[in-house]
K.L.:
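Right, I'll just put the structure down here and ask away after.
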Amino acid sequence: MNPAFSARNLQDFEPYMSQHIHKLLNCLRRQLEPSKSFEVDFNKYSNFLAFDVIGDFAFGESFNFLDREEDYLNLIEAIDARGEVLNALGHAPLFLRPLIKWLPFDPFWSQGLRGTKSLGVIGTKAYFERKSQSGARKDLLSYLFNAKDPQTGGNLEEKEIIAESISFIVGGSDTTSTSMTNVVDIVSRSRKLLEVLQKELDGAFPGELAPDWVAPFKEVESLPILNAIVRETMRIRPTSATGLERVTPKGGKVIAGNFVPEGTLVSVPTLAIHRCPSAFMDAETFFYERWLEKDSGALLDSFVPFSVGPRACIGRNFAWMEMLKTLATLFKLFDMERTHAGGTPSREGFFMKTKECRINLKLRQIPRS
Ligand code: HEM
């Protein structure tokens, strides 16, 4: 799957990503027309954007959530319910797991199982629609159609391709949307942070901007403050917060000075690593400046929001491009202020997801250079 995420392929996909970000801007601008500012739940729109982008990348066609401004497929809710049930099942003893389907009257389990089923139906439908289009754009499925099974050397079976594409919808959507929402949540609560970021963006993009302007990745990938804020947000609020399990290999393994016998399930929660005081000074505090210090490179050893090793996130460069482009564009064009002063509600399933991020949005009076 790696070729689908090559730098060249990501570069080819960038204009399509920009189109979706532009649709998001249009949704927001449309609502701004009658008044100078309005309240919007950014969480809703970041979900629409991330799902449309991943649909386009995986199947060559978006889910059109931004066009319709609604989750008309109930896909987002299905993934949330499924993630929560899978997370709970993962902690249940093996013998109990098959019994779950006999608990149809507990809405938690039944909604989760329904979510799993409807995700399968939506993924299968998207697969067959894409398959029927000959000469379609180079998307993830085009790579999967040509991929070889490492064991048999033959093409992947249809059910494997469908399962893979579903895993991309799940892995590439709410992780990215929640990370973007977290950044907006944190920045929109602090006028000072917003101004520092906007100053950097004004310096990088001075003067008049075209009406269809969307921040180019080539420029935003090297903006220190933007990158530091996104990193610090993902440090303090990693989307994949619980431990990702691994099994120790044959013969066992010495981990942190202790021998762990073979076949043992081990994991360290990402949140615990990211808040470890020996790795990050004042670890509980959001302090983006830590990433701007001269020796900040060493912090990356303990920064693992995408996990590490051979099963680490394959889509991390894709996600980074989507987050930086979207956030740079939004903060350059809009002023934002959080309208809800309390804590940020979240729901924890397989991923830790933000439930709400209501902000007051205003078009910026951009200073002329
Ligand atoms: C901010 C956004 C994202 C975060 C925080 C994130 C995080 C992660 C994490 C922690 C894993 C776990 C791997 C493990 O078990 O060690 C993972 C796997 C994966 N991610 Fe992401 N991810 C993000 C975006 C994406 C995107 C945009 C895509 C696709 C375009 C994607 C596709 C995948 C896939 C396919 C896997 C499974 C890899 C495997 O099993 O080999 N992710 N991700």
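Atoms within a ligand are numbered from 1 in the order they appear, just like the ligands themselves.
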K.L.:
With 2.8 Å as the threshold, which protein atoms of type N, O or S lie near atom 21 (Fe) of ligand 1? Leave waters out.
P.N.:
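The answer is C313 SG.
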K.L.:
Mark up the atoms of ligand 1 that fall under 4.0 Å of a heavy atom belonging to T176, in ascending order.
P.N.:
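This gives 1 (C), 2 (C), 24 (C), 27 (C) as the contact atoms.
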K.L.:
Is there a donor-acceptor pair under 3.5 Å between the side chain of T326 and the backbone N or O of M323?
P.N.:
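A pair under 3.5 Å: no.
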K.L.:
Looking at atom 40 (O) of ligand 1, what's its closest protein heavy atom, distance included?
P.N.:
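For atom 40 (O) of ligand 1, the nearest protein heavy atom comes out as R311 NH2, 2.9 Å.
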K.L.:
Check this for me, if you would: do K192 and E195 make a salt bridge, where the nitrogen-to-carboxylate-oxygen distance has to be below 4.0 angstrom?
P.N.:
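Between E195 and K192 there is no salt bridge, as every charged N stays at least 4.0 Å from the carboxylate O atoms.
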K.L.:
Check ligand 1 against T239 and write out every atom of the ligand that is under 4.0 Å from a heavy-atom position of the residue.
P.N.:
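Reading through ligand 1 atom by atom, the close ones are 5 (C).
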K.L.:
What residue among D80, T239, N182 forms side-chain hydrogen bond (donor to acceptor under 3.5 Å, both in side chains) with K353?
P.N.:
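With K353 as partner, D80, T239, N182 yield a single side-chain hydrogen bond (donor to acceptor under 3.5 Å, both in side chains), made by D80.
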K.L.:
Looking only at heavy atoms, is any part of I54 under 4.0 Å from ligand 1, and if so is it the side chain, the backbone, or both, or is it neither?
P.N.:
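It is the side chain that gets close, since no backbone atom is under 4.0 Å.
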K.L.:
Mind checking whether M180 contacts ligand 1 via backbone (N, CA, C, O), side chain (CB onward), both or neither, at a 4.0 Å heavy-atom cut-off?
P.N.:
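Neither part.
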K.L.:
Please verify the inter-ring angle class for Y16 with F13; under 30° counts as parallel, over 60° as perpendicular, anything in between as tilted.
P.N.:
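Because their plane-to-plane angle is under 30°, the rings of Y16 and F13 count as parallel.
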K.L.:
Show the atoms of ligand 1 that are less than 4.0 angstrom away from any heavy atom in F318.
P.N.:
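Once the distances to F318 are compared, the set is 27 (C), 30 (C).
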K.L.:
How close does the nearest protein non-hydrogen atom get to atom 16 (O) of ligand 1, and which residue and atom is it?
P.N.:
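Atom 16 (O) of ligand 1 sits closest to the protein heavy atom R246 NH2, 2.4 Å.
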K.L.:
What orientation do F65 and Y72 show, parallel under 30°, tilted 30 to 60°, or perpendicular over 60°?
P.N.:
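Plane angle over 60°, so perpendicular.
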K.L.:
Is L32 close to F334 at the side-chain level, that is, under 4.5 Å between some pair of heavy atoms?
P.N.:
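Result yes, sub-4.5 Å side-chain heavy-atom pair found.
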K.L.:
Angle between ring planes, F303 versus H274, binned at 30° and 60°: parallel, tilted or perpendicular?
P.N.:
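Correct class here is parallel.
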K.L.:
Could you tell me how the ring of F280 sits relative to the ring of W291: parallel (under 30°), tilted (30 to 60°) or perpendicular (over 60°)?
P.N.:
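Tilted, since the angle between the ring planes falls between 30° and 60°.
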K.L.:
Within less than 4.0 angstrom of ligand 1, does F5 place any heavy atom?
P.N.:
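Yes.
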K.L.:
Would a search of protein heavy atoms around atom 3 (C) of ligand 1 find one under 4.0 Å away?
P.N.:
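So atom 3 (C) of ligand 1 has protein heavy-atom neighbours under 4.0 Å.
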K.L.:
Considering distance alone, does some N or O of S179 sit under 3.5 Å from an N or O of ligand 1?
P.N.:
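N/O-N/O distance under 3.5 Å: no.
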K.L.:
For P305, take its heavy atoms, then give the atoms of ligand 1 lying under 4.0 Å from any of them.
P.N.:
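Result: 5 (C), 7 (C), 10 (C).
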K.L.:
Under a 4.0 angstrom heavy-atom cut-off, which atoms of ligand 1 come close to M234?
P.N.:
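Going through ligand 1 atom by atom, the ones under 4.0 Å from M234 are 1 (C), 5 (C).
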K.L.:
Are Y45 and F42 close enough that their ring centers fall under 6.0 Å?
P.N.:
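No; F42 has its ring centre 6.0 Å or more from that of Y45.
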K.L.:
For ligand 1, is any non-hydrogen atom under 4.0 Å from L244's backbone (N, CA, C, O), its side chain (CB onward), both, or neither?
P.N.:
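Just the side chain.
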K.L.:
Pair E61, K125 - check salt bridge (Lys or Arg N to Asp or Glu O under 4.0 Å), show working.
P.N.:
CA-CA 12 Å; E61 183 132 356; K125 185 165 171 280; over 6 Å; no
K.L.:
With E69, which of K23, R30, K44 fulfils side-chain hydrogen bond (donor to acceptor under 3.5 Å, both in side chains)?
P.N.:
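So the option named by the test is R30.
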K.L.:
Looking at E200 and L226, would you say the former's side chain and the latter's main chain have a donor-acceptor pair under 3.5 Å?
P.N.:
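Side chain of E200 to backbone of L226, a donor-acceptor pair under 3.5 Å: yes, one is there.
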